[in-house]
Amino acid sequence: MSDVKVKVGILGASGYTGAELVRILAHHEASIITLLTADRRAGRPFGEVFPHLAHINLPTMIKIEDADWSTVDLIFCALPHGTTQEVIAGLPDHVKVVDLSADFRLFDPATYQEWYGAEHAAQDLQKEVVYGLTELHREKIKKARVVANPGCYPTPVQLALTPLLESKLVHADDIIIDAKSGVTGAGRSPKEMTLFAEVTEGIHAYGTGGHRHAPEIEQGLAWASGSDVVVNFSPHLMPMSRGILESIYVKMTDGTTAEDIQAALAKRYADEPFVRILPFGVTPQTRHVRGSNYVLMGVVKDRVPGRVIIVAVEDNLVKGASGQAVQNMNVMLGLPETMGLEIEPLFP
Ligand SMILES: NC(=O)C1=CN([C@@H]2O[C@H](COP(=O)(O)OP(=O)(O)OC[C@H]3O[C@@H](n4cnc5c(N)ncnc54)[C@H](OP(=O)(O)O)[C@@H]3O)[C@@H](O)[C@H]2O)C=CC1
Ligand SMILES: CC(=O)N[C@@H](CCC(=O)OP(=O)(O)O)C(=O)O
């Protein structure tokens, strides 16, 4: 391998996904972090904001408007929705981008406007963006300049259902996704929903029947099935810091068994380093993937004839955000896809 390192910038380094990018890139031998930005925390050393990473030699966080783009080959945008569109649209062409926000995930501008409440500010750029669910879009990601990293909830469900819809093993018109997330999914900026008293000792549903990840899931499943898909998607907030668990309830096509579903998923992901299909009847826990880039899935028979349940887990900050972002960077740059990501889960 060449000694020349890829120069990487992280916009939004003082947030949860920014810190997770630094943690992962600390073990990435082909890259070096040359730019970090923040908003309220601009001007502060990264290690002062995140003492657990203070041993790493890093540039001080600056405002985006003070960035010198000649110092980077690739940037990760870990900024709030809506702020990325204008930043990316103004970048010089030599800079590759992996955007962790939702700004470029929806490919129909009208759908974006409906769910994010504003007209998309970079519709021309949207046309060249590639959707970054690595296992499903790897060939396009290899050639992309701008990759839209998927949302945390849409990642496991698309990995579970895409192969099954493509091979017509399940029906596209009867999909229920019951999802549970840790609180880091809401980011580090203070908000009422993430106050200790609002999270501890209980769980609650939110965005029920109308969460903005539903259209992203539907877009991906429509690509797989070849026709429009509408899903029942209900997220819940759990009293835990990290992790997403999705129980996915689907109806199988005639003649298909739950064992067939497990076998089809196991075959599809046999050579994938980050997707593991458990033995039939075994279901995963969020603590089986904590801190790692893995998605684990288990398939169980439903007592209702003709139906099957798939349970999938990921760490929202790793495969659901920063880990998949580094996986996409590796693919975009022709590096080994697992570089920096071979971290075992922290159990329990
Ligand atoms: N958390 C998760 O599990 C996931 C998050 N994402 C997406 O990734 C992105 C980052 O998420 P997350 O790290 O959780 O968010 P955080 O709220 O933790 O961090 C946001 C970052 O953006 C900076 N920032 C805030 N406002 C502005 C602004 N107006 N201009 C420039 N910088 C700004 C903040 O700086 P400062 O701290 O100085 O204010 C901080 O560095 C979001 O779009 C999120 O939706 C995607 C998948 C999963
Ligand atoms: C617990 C929680 O609040 N989760 C976030 C999703 C986080 C994520 O991955 O997605 P985005 O990048 O689209 O924000 C939410 O429901 O809005």
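Fair warning: this is a prediction, and the values are worked out from it, not measured in the lab. Any value given below was found using the heavy atoms of this structure, including those in side chains, with hydrogens, waters and symmetry copies removed. Whatever order the structure lists them in is the order used to number ligands and atoms, beginning at 1.
Using a non-hydrogen distance threshold of 4.0 Å, Glu216 does not register as a contact of ligand 2. Not close to ligand 2: Thr194, with no non-hydrogen atom less than 4.0 angstrom away. Residue Gly187 places every heavy atom at 4.0 Å or more from ligand 2. In this structure, Ser101 does not count as a contact residue of ligand 2, since none of its heavy atoms falls inside 4.0 Å of the ligand.
Closest protein heavy atom to atom 39 (O) of ligand 1: Arg40 NE, 2.9 Å.
A donor atom on one side chain and an acceptor atom on the other are not found under 3.5 Å apart for Thr338 and Asn330. Side-chain contact of Arg212 with His81: a donor-acceptor pair under 3.5 Å is present, judged by distance alone. Under the 3.5 Å distance criterion, with hydrogens and angles disregarded, no donor-acceptor pair is assigned to the side chains of Glu119 and Gln113. One side chain, Thr84 or Ser101, offers a donor N or O that lies under 3.5 Å from an acceptor on the other. Under 3.5 Å, the side chains of Gln85 and Tyr112 contain a donor-acceptor pair of N or O atoms.
The shortest N/O to N/O separation between Arg212 and ligand 1 does not fall below 3.5 Å. Any N or O atom pair closer than 3.5 Å counts here, and Arg105 shares no such pair with ligand 1.
Around atom CD of Glu86, no more than 12 heavy atoms belonging to other residues, nucleotides or ligands sit under 6.0 Å away.
Within ligand 1, counting atoms from 1 as listed, the ones closer than 4.0 Å to a heavy atom of Ser189 are 17 (O). Shown in contact with Thr184 at under 4.0 Å from a heavy atom are these atoms of ligand 1, numbered in order with element: 1 (N), 2 (C), 3 (O).
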